[in-house]
Amino acid sequence: MTVRTRFAPSPTGFLHIGGARTALFSWAYAKKHHGQFILRIEDTDVERSTPEAVQAILDGMHWLGLDYDEGPYYQMQRMDIYKKVIQSMLDHGTAYYCYCSKEELEALRESQMQQGLKPRYDGKWRPEAGKTLPAIPQDIPPVVRFKNPQTGVVAWGDLVKGRIEIANAELDDLIIARADGTPTYNFCVVVDDWEMGITQVIRGDDHVNNTPRQINMLQALGATVPQYAHLSMILGDDGQKLSKRHGAVSVMQYHEDGYIPEAVLNYLARLGWSHGDAEIFTMQQFCEWFDLDHITPSAAQFNTEKLNWLNAHYIKEANIDVLADDIASRLKKLDVVAQAQPKLQDVLALYRERANNLNQLARDVAYFYTLPQVSAEDVAKHITPEIMPAVQSLSQNLAQINWSAEAIHEAINAVVTQYQLKFPKVAMPLRVMLTGIAQSPSIDQVMALLGQKEALSRIQNYIR
RNA sequence: GUCCCCAUCGUCUAGAGGCCUAGGACACCUCCCUUUCACGGAGGCGACCGGGGUUCGAAUCCCCGUGGGGACGCCA
């Protein structure tokens with residue numbers, strides 16, 4: 001049987017880091033087994049679903065390069081299928097109408113909680129041999145409930161957590177269609193996973209508790225039960241649960257914050273999954289290596305520092321033209337236009353070795369295209385009156401030479417010797433004059449890229 | 001409250017009874033490289049939640065604690 005996995009987000013917000021990892025693992029599993037990966041939008045909560053959220057999810061997946069073979073399917077467009085199944089379950093007696101009002105259910109829940117019991121539907125309208133059902137109230141539109149088995153256990157071999165077993169007595173008859181006739185989540189999932197021929201359901205472990213209900217429905221429908229793999233959650237950098245209020249951000253925020261998608265992908269792949277000592281790998285390798293039995297069942301804490309380390313790696317590895325495009329657009333946000341000279345690719349070749357963030361990289365190279373902001377502190381510390389004669393003399397020499405890093409280096413060495421100084425004594429003030437700060441790559445290389453005219457002009461500003 | 005899940009360095013993890021005086025990676029520290037800051041290189045620090053079993057032998061298996069998390073909606 002060919003493998004078919006799916007990612008089934010509900011469009012009530014952006015694609016966050018946990019969702020992205022779930023999608024990544026489902027995607028990789030399908031790729032590994034030459035199967036299909038399906039995207040399904042679970043938008044049956046009309047109140048909270050928005051088209052913007054759908055777009056945000058699509059954008060996030062696109063940025064990460066998680067392409068799908070089928071979909072996106074929208075559950076709201078599949079109502080006919082669900083209604084047909086509900087009718088057939090009603091016909092077969094595996095589902096029934098319940099006329100309890102919301103208030104009645106609420107009261108039931110409360111009293112059970114007070115008695116220290118697990119809140120559950122009491123089966124008031126559940127048809128049973130020899131049982132007389134109450135009189136049907138006229139003013140209450142009924143919901144449809146699934147007739148869950150009351151004895152025995154539901155068990156499955158979870159691909160991540162191992163065997164999980166839950167007594168049917170713990171479960172109640174869940175609502176599969178609301179009073180207005182629309183189907184509910186657990187039911188739609190069952191129908192879709194069945195109808196779409198999903199073979200492995202890979203999802204967050206907050207769904208473990210839904211699984212036994214879904215299996216029971218699948219069995220009532222006579223459907224093949226897929227395999228389940230429940231991924232543990234991702235905690236924030238501080239070990240706390242991610243929530244809207246606390247640290248949960250869109251994957252697109254990582255783009256915004258200067259991360260390269262390869263780094264995010266590699267990082268996410270290693271969160272909860274491992275392949276021996278492998279830390280850095282391509283998505284192609286990941287798809288070859290990926291399997292469900294090397295996933296940790298315990299929750300993982302997000303670590304930005306390790307992401308930064310991977311980001312540095314992928315910035316070094318990136319295609320220089322792609323990198324230049326990205327940095328050019330980030331420069332634009334800083335109101336800096338990357339001119340033709342010096343070529344941004346050349347500048348980045350010099351700078352990317354030291355960067356671990358794209359925004360930082362953009363800020364670092366901005367001075368090639370705009371006058372740097374110099375701090376008074378750096379000026380006071382490095383551009384001292386004592387050094388000015390040497391700088392002045394160097395400036396005159398530089399005007400004479402053939403502009404190249406080697407020649408610049410020689411020129412600096414010459415004044416260093418002439419004035420009996422150490423190299424940094426001259427290099428540091430140059431850095432500040434040219435780049436605005438006291439840290440930069442080799443000053444001769446920086447100057448070579450900046451160009452003779454521009455370099456000399458910036459030095460002149462300090463000579464009076 | 002009830003049910004379910006989880007538990008190795010600060011963090012991500014390797015580990016499927018002897019290969020473990022517990023390995024790798026990030027972070028941290030030291031040194032080297034050096035034209036500053038980085039990069040890079042070499043070292044270092046640092047963990048099996050506790051208690052009982054089982055076994056010749058347990059990080060690995062079992063039980064009990066403890067701690068953490070999740071689920072209990074006409075939300076998904």
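Letters go in sequence order (proteins before strands), and every chain restarts at 1.
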- prompt: Testing A:Asn357, A:Asn308, A:Thr304 for side-chain hydrogen bond (donor to acceptor under 3.5 Å, both in side chains) with A:Tyr259, which one passes?
  reply: A:Asn308
statement: B:rC45 -> Watson-Crick or G-U wobble partner, both distances under 3.5 Å, gives none
- prompt: How far, in whole Å, is B:rG65 from B:rC26 if one measures between their C1' atoms?
  reply: 34 Å
- request: Using a 4.0 Å heavy-atom cut-off across all strands, classify A:Gly272 as base, sugar-phosphate, or nothing.
  value: sugar-phosphate
- prompt: When rounded to the nearest Å, what value does the distance between P atoms of B:rA22 and B:rC5 take?
  reply: 32 Å
- prompt: Whole Å only: how far is the CE atom of A:Met433 from the P atom of B:rU36?
  reply: 18 Å
task: With heavy atoms under 4.0 Å as the rule, sort A:Ile443 into base, sugar-phosphate or nothing.
output: base
task: Give a yes-or-no answer on whether the side chains of A:His409 and A:Ser404 include a donor-acceptor pair shorter than 3.5 Å.
output: no
- prompt: Taking the P atom of each, how far is B:rC63 from B:rU13, in whole Å?
  reply: 25 Å
task: Mind checking A:Pro441 for me? I need base, sugar-phosphate or nothing, with any heavy atom below 4.0 Å counting as a touch.
output: base
field: C1' atoms of B:rU54 and B:rC61, separation to the nearest Å
entry: 8 Å
- request: Could you tell me if the ring centre of A:Tyr254 sits under 6.0 Å from that of A:His16?
  value: no
message: Less than 6.0 angstrom separating the ring centers of A:Trp289 and A:Phe281, yes or no?
response: yes
task: Just call it for A:His313: base, sugar-phosphate, or nothing, with non-hydrogen atoms closer than 4.0 Å on any strand.
output: nothing
message: Taking syn as a glycosidic torsion within 90° of 0 and anything else as anti, which one is B:rC45?
response: anti
- request: Verify whether one side chain among A:Arg178 and A:Thr182 offers a donor that lies under 3.5 Å from an acceptor in the other.
  value: yes
query: To the nearest angstrom, how far is A:Leu307 atom CG from B:rA25 atom P?
result: 19 Å
field: Value in whole Å for how far the C1' atom of B:rU35 lies from CD1 of A:Ile412
entry: 9 Å
- request: Quote, to the nearest angstrom, the P distance that separates B:rG10 from B:rC49.
  value: 12 Å
- request: Can you tell me, in whole Å, how much space there is between the C1' of B:rU55 and that of B:rG17?
  value: 9 Å
- request: Kindly say if A:His294 contacts the phosphate of B:rG15, meaning a side-chain N or O under 4.0 Å from OP1 or OP2.
  value: yes
- prompt: If we take the C1' atom in both B:rA25 and B:rG52, what is their distance in whole Å?
  reply: 36 Å
query: How many Å lie between CG on A:Asp444 and P on B:rU34, as a whole number?
result: 15 Å
message: Would A:Arg145 pass as a cation-pi partner of A:Tyr121, given that its NZ or CZ must be under 6.0 Å from the six-membered ring centre and within 45 degrees of the axis?
response: yes
query: Do A:Trp156 and A:Asp158 have side-chain atoms, one donor and one acceptor, less than 3.5 Å apart?
result: yes
task: May I ask which nucleotide in the shown strands pairs with B:rA71, Watson-Crick or G-U wobble, both distances under 3.5 Å?
output: B:rU2
statement: Sorted by position of nearest nucleotide on RNA chain B, 5' first, the leading residue of A:Gln301 and A:Ala355 is A:Gln301
statement: Closest to the side chain of A:Lys306, out of B:rU35, B:rU13, B:rA25, is B:rA25
field: Stepwise ring pair (Phe, Tyr, Trp, His ring centres under 6.0 Å) check, A:His294 with A:Trp273
entry: CA-CA 6 Å; A:His294 278 87; A:Trp273 174 85; 7.7 Å; no
- prompt: Which is true for A:Glu279 with a 4.0 Å heavy-atom rule: it touches a base, it touches only sugar-phosphate, or it touches nothing?
  reply: base
- prompt: Have A:Asn168 and A:Thr151 got a donor and an acceptor in their side chains that come within less than 3.5 Å?
  reply: no
field: Protein-to-nucleotide contact annotation, 5' to 3' order, nucleotides 39-44 of chain B [B base; S sugar-phosphate only; - none; under 4.0 Å, heavy atom]
entry: SS----
query: Which of these passes side-chain hydrogen bond (donor to acceptor under 3.5 Å, both in side chains) with A:Asn148: A:Asn216, A:Thr94, A:Asp173?
result: A:Asn216
query: Counting any heavy atom closer than 4.0 Å, what does A:His409 reach on the DNA or RNA strands: base, sugar-phosphate only, or nothing?
result: base
task: Hunt down the Watson-Crick or G-U wobble partner of B:rA16, both distances under 3.5 Å, from any strand shown, or write none.
output: none
- prompt: For A:Arg109 and A:Gln112, does a side-chain donor sit closer than 3.5 Å to a side-chain acceptor?
  reply: no
query: Can the ring centres of A:Phe25 and A:Phe290 be said to be less than 6.0 Å apart?
result: yes
message: Any salt bridge linking A:Asp192 with A:Arg78? Criterion: basic side-chain nitrogen under 4.0 Å from a carboxylate oxygen.
response: yes
- prompt: Is the A:Tyr96 to A:Phe146 ring centre distance short of 6.0 Å?
  reply: no
- prompt: Under 4.0 angstrom, heavy atoms only, what part of the nucleic acid is A:Ser274 near: base, sugar-phosphate, or nothing?
  reply: sugar-phosphate
- prompt: What string of B, S and - do you get for nucleotides 71-76 of chain B, 5' to 3', when a contact is any protein heavy atom under 4.0 Å?
  reply: SBSBBB
field: B:rG15 to B:rU60 separation - P atoms, rounded to the nearest Å
entry: 15 Å
Which nucleotide in B:rA27, B:rU2, B:rU35 has an atom nearest any side-chain atom of A:Glu170: B:rU2
query: For B:rU21, which nucleotide in any strand shown is its Watson-Crick or wobble partner with both distances under 3.5 Å?
result: none
Show me the protein contacts with nucleotides 5-7 of chain B, counting only N or O atoms at under 3.5 Å.
{"unit_1": "B:rC5", "atom_1": "O2'", "unit_2": "A:Lys161", "atom_2": "NZ", "d": "2.9"}

task: May I ask which nucleotide in the shown strands pairs with B:rU60, Watson-Crick or G-U wobble, both distances under 3.5 Å?
output: none
